[in-house]
Amino acid sequence: MTQEELFKKLVAHCKEYGFVFPSSEIYDGLAAVYDYGQNGVELKNNIKRYWWDSMVRLHENIVGLDAAIFMHPRIWEASGHLSAFNDPLIDNKDSKKRYRADVLIEDWIAKQDDKIQKEIDKAKKRFGETFDETKYRQTSPRVLEIAAKRDEIHTRFAAEMNASNLEGLRQIIVDCEIVCPISGTRNWTEVRQFNLMFSTQIGSLAEGANTVYLRPETAQGIFVNFLNVQKTGRMKLPFGIAQIGKAFRNEIVARQFIFRMREFEQMEMQFFVRPGEEMKWWNAWKQTRMAWHRALGFGDENYRFHDHEKLAHYANAATDIEYNFPFGFKEVEGIHSRTDFDLSSHQKFSGKKLQYFDPETGESYVPYVVETSIGVDRMFLQVMSAAYCEEALEGGDSRVVLRIPATLAPIKVAVMPLVKKDGLPEVAQQIMDDLKFDYNVTYDEKDSIGKRYRRQDAVGTPFCVTIDHQTLEDQTVTVRHRDTMAQERVAINALHAMVEEAVSFRKLFKTLDL
RNA sequence: GCGGGAGUAGCUCAGUGGUAGAGCAUCAGCUUCCCAAGCUGAGGGUCGCGGGUUCGACCCCCGUCUCCCGCUCCA
């Protein structure tokens with residue numbers, strides 16, 4: 001089976017077993033938006049808990065936050081999102097290259113000056129000493145023609161950049177006969193505005209609508225609350241603020257299932273440090289985060305760092321943790337040293353001092369920030385990719401099993417009476433009632449026991465508990481293990497401890513060495 | 001966004017210009033079984049959506065939506 005086939009099967013499995021559904025499916029779906037089903041939401045919640053507890057509970061100097069999705073629009077000016085992601089784009093259909101329409105036109109305008117200069121150089125050669133450049137500029141029909149056209153385009157360009165529709169920009173590109181540098185053709189698409197951020201209106205139109213944006217990252221909610229948390233929590237540097245929440249990006253191309261969605265969820269932790277200590281902490285968090293991933297046991301060889309060579313405007317060091325997905329090594333988490341860019345920028349735009357008084361040095365300064373940012377949905381896909389397994393069994397049988405770590409498994413225990421009579425369902429119900437307060441458990445009495453085991457394998461349930469006639473005599477049950485398919489006899493009153501041992505985060509956390 | 005492929009039951013897929021099929025799955029009953037395959041019955045699809053051609057379209061044509069692959073993009 002190729003990796004591509006594996007991925008297709010995984011996507012189908014996610015739908016068939018209630019992990020992930022296409023959004024609005026009965027209305028033909030909505031591109032790059034997905035819903036999590038009854039098993040998906042459990043897995044997703046468990047992933048979030050694994051992250052949250054490892055960050056907030058296990059670090060005394062990290063606290064949580066839940067900021068609103070809507071924020072003051074000026075925040076996106078300060079963060080750079082408004083200016084950096086608002087470009088008119090055009091594609092050449094032959095080379096399939098994408099350009100900024102405004103840059104194409106600006107380049108063309110600049111080229112006209114080159115053309116004029118060439119005319120002047122030519123004339124200079126012809127007339128020698130007697131050449132009067134100023135006069136030539138004002139009189140040469142050729143130069144005047146080029147200049148006039150240039151100025152006309154320049155004026156049109158300025159007007160069109162402020163126009164509400166982009167057709168005018170395209171018309172300039174057509175009129176100027178601008179060609180694609182790669183293909184050399186003028187086979188252009190429409191000009192489209194690339195807006196990274198979704199926008200909407202807050203307040204009624206009557207009282208003067210204000211444009212607000214759906215946040216494209218959760219980080220800014222942490223930065224603007226830096227002082228609130230630092231002061232009310234009496235936090236001392238270095239300390240961190242962690243947040244889990246939705247973010248929205250209007251990607252031009254969003255694909256590969258839940259890997260790149262327009263609405264997605266991030267788990268971010270911004271760690272505030274003394275200026276100059278950021279590289280130390282950046283390296284420390286790289287190791288800590290990698291250990292968190294590897295603790296799940298999906299194989300160390302399936303992870304790698306990818307250091308960024310081209311850094312974003314706010315960063316002085318950046319790396320990704322990449323996982324070996326069926327479609328290749330792809331980013332799951334980013335660890336960025338964001339310098340003091342964000343806090344300084346908010347200080348400037350808001351006019352409020354965002355500084356920390358360091359009692360040790362007696363100085364006030366804007367802290368530096370090291371960010372760890374992981375996509376919940378990518379993590380979900382990572383777990384599913386790693387867990388999905390088609391297994392050949394003795395006797396020519398096969399099974400599909402999700403080897404999800406027990407800690408993350410959506411259902412921890414399936415309770416099933418061997419037969420649905422003789423009081424066995426009643427005992428099963430008692431066991432359910434005992435476990436359900438602590439674990440997500442399910443009940444199944446339909447079909448043969450083997451069939452029921454396979455159903456649980458397909459959703460990754462680590463334990464199946466079977467009640468039989470012997471149970472009525474000695475209060476023991478059969479526990480069937482997902483990965484080994486091995487069975488053992490366990491006393492009913494030992495079940496809770498057995499499950500706890502397997503699904504508790506405790507063991508996992510102890511390996512993290514925080 | 002461009003190019004290529006696909007869309008029929010929950011899943012995997014047949015199908016023909018003349019009123020929609022199979023296997024699995026689901027549900028009810030029987031069977032009482034420790035690794036999916038026993039028996040009986042039932043439910044479920046305006047064939048992605050819209051338009052056109054035709055006496056008649058799941059089938060032919062156009063548009064559109066969604067998914068997959070490649071390119072492109074990616075804070």
Side-chain angles (χ1 to χ4, degrees), chain A residues 4-5 7-9 11-13 15-18 21-34 79-81 84-85 87 89-99 182 187-192 194 196-197 216-217 219-220 247 249-257 259-260 266 308 310-315 318 320 327 330-331 334 336 338 341-342 371 373 391 393-401 416-422 424 445-458 464-470 477-482 484-489:
Chain A
E4 191 180 311
E5 285 167 344
F7 185 56
K8 280 186 175 170
K9 285 195 171 179
V11 173
H13 193 86
K15 190 194 163 190
E16 187 167 359
Y17 288 94
F21 306 126
S23 165
S24 318
E25 199 182 7
I26 62 171
Y27 288 93
D28 292 334
L30 185 63
V33 184
Y34 290 90
S79 71
H81 285 82
F85 290 93
D87 304 323
L89 299 174
I90 190 165
D91 289 25
N92 183 272
K93 290 181 186 175
D94 297 314
S95 65
K96 304 190 196 317
K97 290 288 171 190
R98 171 168 297 147
Y99 302 93
I182 307 283
N187 192 7
W188 296 107
T189 62
E190 297 300 296
V191 177
R192 292 172 318 279
F194 171 51
L196 175 84
M197 290 193 290
E217 63 175 26
Q220 299 304 325
R249 291 181 197 171
N250 197 3
E251 305 279 357
I252 298 176
V253 174
R255 244 191 294 183
Q256 272 162 329
F257 196 40
F259 187 81
R260 177 168 288 115
Q266 292 183 310
H308 291 204
K310 223 177 77 183
L311 294 169
H313 60 77
Y314 55 72
D320 294 337
F327 41 86
K330 296 282 183 185
E331 175 190 357
H336 298 178
R338 296 183 74 125
F341 175 87
D342 299 279
E371 164 190 85
S373 173
E391 213 173 62
L393 302 174
E394 292 169 31
D397 273 359
S398 70
R399 66 166 182 162
V400 172
V401 55
M416 33 189 77
L418 188 60
V419 297
K420 53 180 168 189
K421 63 174 189 183
D422 303 335
L424 300 189
E445 59 173 28
K446 172 86 178 150
D447 296 316
S448 74
I449 195 70
K451 211 171 210 176
R452 284 180 269 172
Y453 287 157
R454 299 299 172 84
R455 273 205 285 265
Q456 296 306 320
D457 287 342
C464 290
V465 169
T466 303
I467 294 87
D468 58 18
H469 291 91
Q470 190 188 331
V477 291
T478 303
V479 171
R480 182 267 194 183
H481 297 266
R482 177 194 67 197
T484 59
M485 297 172 74
Q487 304 185 95
E488 60 174 325
R489 205 74 199 174

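Naming: A, B, ... by sequence-line order, numbering from 1 per chain.
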Worksheet, complete the sentence: Read 5' to 3' with Watson-Crick or G-U pairs under 3.5 Å, [ ] for crossing pairs and | for partners on another strand, RNA chain B gives ((((((((.[[[[.)..(..]]]].(((((.......))))).....[[[[[..)....]]]]])))))))....
Worksheet item: Distance between the P atoms of C49(B) and C69(B), in whole angstroms?
Response: 24 Å
Worksheet item: Taking all non-hydrogen atoms of both residues, which atom of A247(A) and which atom of Q266(A) are closest, and how far apart?
Response: CB-OE1, 3.8 Å
Practice prompt. Determine the interatomic distance between P on G21(B) and the same-named atom on G15(B); round to the nearest Å.
Written response: 15 Å
Discussion item. I'd like the P distance from C61(B) over to U40(B), given in whole Å.
Written reply: 44 Å
Item to complete: Nearest whole angstrom, please: distance from the C1' of U66(B) to the OH of Y34(A).
Response: 9 Å
Worksheet item: Rounding to a whole Å, what distance do you find between H13(A):NE2 and A25(B):P?
Response: 16 Å
Could you go over nucleotides 43-47 of chain B and give all protein N or O partners under 3.5 Å, atom names and distances?
none

Fill in: P gap between U16(B) and C60(B), integer Å
11 Å
Worksheet item: Who passes salt bridge (charged side-chain N to carboxylate O under 4.0 Å, His left out) against D342(A), sequence neighbours left out?
Response: R338(A)
Worksheet item: Any idea which heavy atoms bring R455(A) and K446(A) closest together, and the distance?
Response: NH2-O, 2.9 Å
Discussion item. What does the B/S/- profile of nucleotides 6-12 of chain B look like, 5' to 3', with a 4.0 Å heavy-atom cutoff to protein?
Written reply: ----SS-
Worksheet entry | C1' atoms of U53(B) and G41(B), separation to the nearest Å | 44 Å
Worksheet, complete the sentence: By nearest-nucleotide position on RNA chain B, the 5'-leaning member of F327(A) and H336(A) is F327(A)
Item to complete: Rounded to whole angstrom, note down the P distance from C73(B) over to G5(B).
Response: 24 Å
Worksheet item: Please give, in whole Å, the distance from A75(B) P to M197(A) CE?
Response: 15 Å
Worksheet item: Using atom P of each nucleotide, how far apart are U12(B) and C68(B) to the nearest Å?
Response: 14 Å
Discussion item. Please find the pair of heavy atoms, one from R454(A) and one from S398(A), that lie closest to each other, and give the distance.
Written reply: NH1-O, 3.1 Å
Practice prompt. Please name all residues satisfying side chain to side chain contact (heavy atoms under 4.5 Å, CB included) with T478(A), sequence neighbours left out, ordered by chain then number.
Written response: T466(A), D468(A), Q487(A), R489(A)
Discussion item. Each nucleotide in nucleotides 29-37 of chain B should get exactly one letter: B, S or -. Can you fill that in based on protein heavy atoms under 4.0 Å?
Written reply: ---B-BBBB
Discussion item. If I pick the P atom on C59(B) and the same atom on G1(B), what distance separates them, to the nearest angstrom?
Written reply: 26 Å
